[in-house]
Amino acid sequence: MPQNVVLPGPAPWGFRLSGGIDFNQPLIITRITPGSKAAAANLCPGDVILAIDGFGTESMTHADAQDRIKAAAHQLCLKIDRAETRLWSPQVSEDGRAHPFKINLEAEPQDVNYFEHKHNIRPKPFIIPGRSSEPTVSVPPQSDVYRMLHDNRDEPIQPRQSGSFRVLQELVNDGPDDRPAGTRSVRAPITKVHGGAGSTQKMPLCDKCGSGIVGAVVKARDKYRHPECFVCADCNLNLKQKGYFFVEGELYCETHARARTRPPEGYDTVTLYPKA
């Protein structure tokens with residue numbers, strides 16, 4: 001049913017729109033901010049806006065509707081259409097006519113005859129007509145199963161033993177001379193621990209400090225050193241990425257290697273680097 005709603009200005013109004021002719025949908029209020037002017041005017045989500053300040057919304061796009069709402073400064077007049085809410089309630093009939101002010105709250109009677117049992121009644125077993133509910137086993141009186149079930153009830157029952165267990169029991173009870181032919185003594189297998197130099201890897205020892213090297217290791221010819229021990233024997237300069245020289249079994253930098261090497265008379269000292 002259409003109705004007019006007036007919101008006092010200024011903005012914000014407190015509601016959100018959706019739809020428009022560009023969406024092929026009517027302009028509908030989708031959200032109301034609690035405590036806003038729209039909430040005070042009793043606007044509800046789902047209300048269809050038919051006119052804004054007297055202008056019909058049939059040919060308005062969504063942007064046109066927003067501009068028309070923003071142009072309202074002192075007050076915003078909306079013409080809305082709200083769907084009627086219909087509530088169904090069972091009617092009470094008096095003298096063949098429905099009473100307008102009474103509601104029937106009585107539960108409708110239900111047919112429960114198709115249930116075999118009702119609540120709080122001990123259930124009965126399902127029995128097929130013509131058959132007994134207790135299972136019976138038909139065993140001929142003279143069969144082996146019948147005699148096994150009925151005979152020797154009072155006699156103690158010996159535990160059942162497998163053939164392998166009986167053979168082992170006889171071997172334990174008999175002496176070494178009474179052992180049956182074809183048998184021999186068997187020892188439990190012994191797991192041997194294979195030890196040797198190849199199974200474990202030795203820790204390299206530093207040629208300078210003599211301690212074991214764990215982690216990064218520097219190898220120069222057949223010598224191993226810590227990265228921090230890879231230095232010149234004279235000036236303790238770290239030889240990493242600088243080149244090293246062996247003179248009489250010691251590591252030197254290029255400067256001290258030249259000082260310790262004397263060429264023959266008439267020759268100059270020239271440094272030769274190995275090819276990569």
Are the side chain of [X] and the backbone N or O of [Y] linked by a donor-acceptor pair below 3.5 Å?
{"X": "Thr33", "Y": "Phe15", "value": "no"}
{"X": "Ser18", "Y": "Thr30", "value": "no"}
{"X": "Lys37", "Y": "Gly14", "value": "no"}
{"X": "His226", "Y": "Gly212", "value": "yes"}

If you draw a 6.0 Å radius around OH in Tyr224, do more than 12 non-hydrogen atoms from other residues or ligands fall strictly inside?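 Atom OH in Tyr224 is not crowded, with 12 or fewer foreign heavy atoms closer than 6.0 Å.
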Indicate the atoms forming the closest heavy-atom contact of [X] with [Y], along with that distance.
{"X": "Met60", "Y": "Phe55", "answer": "CE-CB, 3.8 Å"}
{"X": "Ala257", "Y": "Phe245", "answer": "CB-CB, 3.6 Å"}
{"X": "Ala233", "Y": "Tyr252", "answer": "CB-CE2, 3.7 Å"}
{"X": "Pro227", "Y": "Ala216", "answer": "CD-O, 3.6 Å"}
{"X": "Phe230", "Y": "Ala220", "answer": "CE1-CB, 4.3 Å"}
{"X": "Val5", "Y": "Ala41", "answer": "CG1-CB, 3.6 Å"}

In Å, rounded to the nearest 0.5 Å, how long is the span from [atom1] of [X] to [atom2] of [Y]?
{"X": "Arg260", "Y": "Thr255", "atom1": "CZ", "atom2": "OG1", "answer": "13.0 Å"}
{"X": "Arg82", "Y": "Ile29", "atom1": "CZ", "atom2": "CD1", "answer": "8.5 Å"}
{"X": "Lys223", "Y": "Cys229", "atom1": "NZ", "atom2": "SG", "answer": "13.5 Å"}
{"X": "Ile28", "Y": "Ile49", "atom1": "CD1", "atom2": "CD1", "answer": "9.5 Å"}

Answer whether the closest heavy-atom distance between the side chains of Ile32 and Pro45 falls below 4.5 Å.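 Sidechains of Pro45 and Ile32: in contact.
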Pro26 side chain reached by Thr57 side chain, heavy atoms, under 4.5 Å: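 Not in contact.
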Among the clusters formed by ILVMFWY side chains lying less than 4.5 Å apart, do Leu251 and Ile213 turn up in the same one?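 Different hydrophobic clusters.
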With clusters built from Ile, Leu, Val, Met, Phe, Trp and Tyr whose side-chain heavy atoms come within less than 4.5 Å, directly or transitively, what are the remaining members of the cluster of Leu237, listed by chain and number?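 The other cluster members (ILVMFWY side chains, heavy atoms under 4.5 Å, direct or chained): none.
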side-chain contact (heavy atoms from CB on, under 4.5 Å) partner of Leu50, the single match among Ile52, Asp47, Val48: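 Answer after filtering Ile52, Asp47, Val48: Val48.
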How far apart are the C-alpha atoms of Leu239 and Cys253, what are their side-chain angles, what is the distance that settles it, and do they pass the side chain to side chain contact (heavy atoms under 4.5 Å, CB included) test? CA-CA 7 Å; Leu239 303 177; Cys253 61; 3.8 Å; yes
Listed by chain and number, what are the salt bridge (charged side-chain N to carboxylate O under 4.0 Å, His left out) partners of Arg16, not counting sequence neighbours?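 For Arg16, no residue satisfies salt bridge (charged side-chain N to carboxylate O under 4.0 Å, His left out) once neighbours in sequence are set aside.
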Pairs of donor and acceptor atoms involving the side chains of residues 63-81, under 3.5 Å and at least two apart or interchain, shall be tabulated with distances.
from, atom 1, to, atom 2, distance (Å)
Asp64, OD2, Thr61, OG1, 3.0
Gln66, NE2, His62, NE2, 3.2
Asp81, OD1, Met1, N, 2.9

